[in-house]
Amino acid sequence: MELQDCSFQLLRGVTVTDLEEVAFRDVDVAVLLGAVPSREGTDSSDTFRANIRMFRSQGQALDTYAKKTVKVLVVGSPANTNCLVAMTAAPSIPWENFSCLTLLAQNQAQAQLAHRLGTGPGSIRNVIVWGSQSGTRYPDTEHASVTHGSLRGNLRQASEGGLLLPGDANMHQGTTLTEMTRPSGAMTVASAICDHLRALWSGTQEGELVSMGVISNGNSYGIPEHLIYSFPVTVQEGSWHIVPGLRVSEVSQRWMAQSAQELVAEREKALRALAKSNL
């Protein structure tokens, strides 16, 4: 009803269904928004297996009913591993068509940095989120820039040391996560989804880096193959490309490796679960 009440000019109709053959048939874009949340008193392994079942089922439905050109965006946490499961369950759809949402953390970090500098929204860009959508995600400002009045250029230089940025030698472990990200509301998630899909559909601007969780194969940063891992990407003609050869500080490398290690452990656990017929 909210979609209808907004009177969007491009909205042609809304279909509500619990049938996979209806929901996934001939779709161009699939946003897998939900996931089984962790709850106090619930066995975490039960939650993990429930998510594996959900995203295996959705991946199989995509494989059976969706267009082979479908763009699949996974939002439900843990999004990286859920995305990997859906991708594995849809062998007829190219791996490059799957991604998970990490632009949310990039938007949050950029907004908070702009607030600290007093520059207003939209003045900061190119904060990079490495790794996981949750847990050990790492917002890296090494290549971020600011454009506001007299503050222009590289963020670190423009701030004249007035900000404690990820990569600073005196930053305590954990400060990056607690200060640069915070819990998200529905509006921030919806906005990040729109930004992610806009980049996939329309491409990125020159000099723009967008954080996306994508397949790690062929990356130049030493991240293990066959992970859904957040990298800085550019998009041209509907295809994303991991930006190669960016300078990465030692602090960033440690955070990136820690996130990769956790995602590898999740991947192996997920693949073991998928191999069991009684999942």
Side-chain angles (χ1 to χ4, degrees), residues 12-37 45-103 132-134 189 192-194 196-201 212-219 223-231 233 235 237-242 263-279:
R12 293 295 178 265
V14 178
T15 300
V16 179
T17 181
D18 61 356
L19 300 176
E20 290 180 338
E21 60 267 31
V22 176
F24 290 94
R25 187 173 297 280
D26 294 332
V27 295
D28 294 293
V29 177
V31 180
L32 306 185
L33 186 62
V36 179
S45 60
D46 290 341
T47 302
F48 189 82
R49 285 194 297 270
N51 276 311
I52 298 299
R53 286 194 298 270
M54 175 186 292
F55 284 89
R56 179 180 65 180
S57 177
Q58 292 181 347
Q60 291 170 339
L62 286 163
D63 197 56
T64 303
Y65 301 112
K67 295 179 181 178
K68 302 311 176 186
T69 54
V70 62
K71 302 293 187 183
V72 183
L73 172 60
V74 176
V75 179
S77 183
N80 296 65
T81 300
N82 290 340
C83 183
L84 183 69
V85 170
M87 181 188 76
T88 303
S92 69
I93 299 173
W95 289 351
E96 294 78 12
N97 290 24
F98 288 82
S99 58
C100 77
L101 185 70
T102 58
L103 190 52
S132 175
Q133 174 259 11
S134 57
V189 175
I193 290 171
C194 289
H196 183 111
L197 294 178
R198 185 183 299 111
L200 282 179
W201 217 258
M212 289 187 184
V214 296
I215 190 70
S216 60
N217 296 358
N219 76 89
I223 303 303
E225 301 277 286
H226 202 62
L227 283 182
I228 298 294
Y229 190 95
S230 182
F231 293 97
V233 306
V235 185
E237 298 181 355
S239 298
W240 55 262
H241 306 275
I242 297 173
L263 288 173
V264 167
E266 278 190 17
R267 178 190 66 188
E268 299 310 308
K269 184 178 178 182
L271 293 178
R272 287 194 301 269
L274 284 171
K276 296 181 179 178
S277 58
N278 62 344
L279 177 67

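Position 1 is the first residue of the sequence; numbering continues from there.
- Annotation: the span from Phe231 atom CZ to Ile223 atom CD1 amounts to 5.5 Å, rounded to 0.5 Å.
- At least one side-chain heavy atom of Leu33 sits under 4.5 Å from a side-chain heavy atom of Ile193.
- Across every non-hydrogen atom of Ile242 and Ile215, the tightest pair is CD1-O, 4.0 Å.
- The minimum heavy-atom distance linking Ile93 with Leu62 is given by the pair CD1-O, 3.6 Å.
- The main-chain N or O of Pro78 is found under 3.5 Å from a side-chain atom of Asn82 such that the two form a donor-acceptor pair.
- Nearest heavy-atom pair, Ala192 versus Leu103, reported as atom, atom and distance to 0.1 Å: O-CD2, 4.1 Å.
- Judged by distance alone, with hydrogens and angles left aside, the side-chain atoms of Trp95 form no donor-acceptor pair with the main-chain N or O of Met87 at under 3.5 Å.
- Heavy atoms only, all atoms of each residue included: Arg267 and Glu225 are closest at NH1-O, 2.9 Å.
- At least one donor-acceptor pair closer than 3.5 Å links the side chain of Thr88 to the backbone N or O of Leu84.
- Considering CZ of Phe48 and OG1 of Thr81, their distance stands at 5.5 Å, rounded to 0.5 Å.
- Judged by distance alone, with hydrogens and angles left aside, the side-chain atoms of Lys71 form no donor-acceptor pair with the main-chain N or O of Trp201 at under 3.5 Å.
- Side-chain N or O atoms of Lys68 include one that pairs as donor or acceptor with a backbone N or O of Asp63 at under 3.5 Å.
- Separating the OG atom in Ser57 from the CD1 atom in Ile52 is a distance of 12.5 Å, to the nearest 0.5 Å.
- What you find for Leu200 and Ser99 is that their closest heavy atoms are CD1-OG, 4.2 Å.
- Here the shortest heavy-atom pairing between Ile228 and Cys100 reads CG2-SG, 3.9 Å.
- Side-chain contact check for His226 versus Asn217: some heavy-atom pair is nearer than 4.5 Å.
- Counting heavy atoms from C-beta on, the side chains of Arg49 and Ser45 come closer than 4.5 Å.
- Interatomic distance, CG of Asn51 versus CD of Glu266, reported as 10.0 Å (0.5 Å rounding).
- At least one donor-acceptor pair closer than 3.5 Å links the side chain of Ser216 to the backbone N or O of Pro224.
- Between Val72 and Gln58, every side-chain heavy-atom pair lies at or beyond the 4.5 Å cut-off.
- Results of the side chain to side chain contact (heavy atoms under 4.5 Å, CB included) test with Leu101 over Val75, Leu197, Leu32, Val74 single out Val75 as the only residue that passes.
- The shortest side-chain heavy-atom distance between Phe24 and Val70 does not fall under the 4.5 Å cut-off.
- Counting heavy atoms from C-beta outward, Asn80 and Leu227 have side chains that stay 4.5 Å or more apart.
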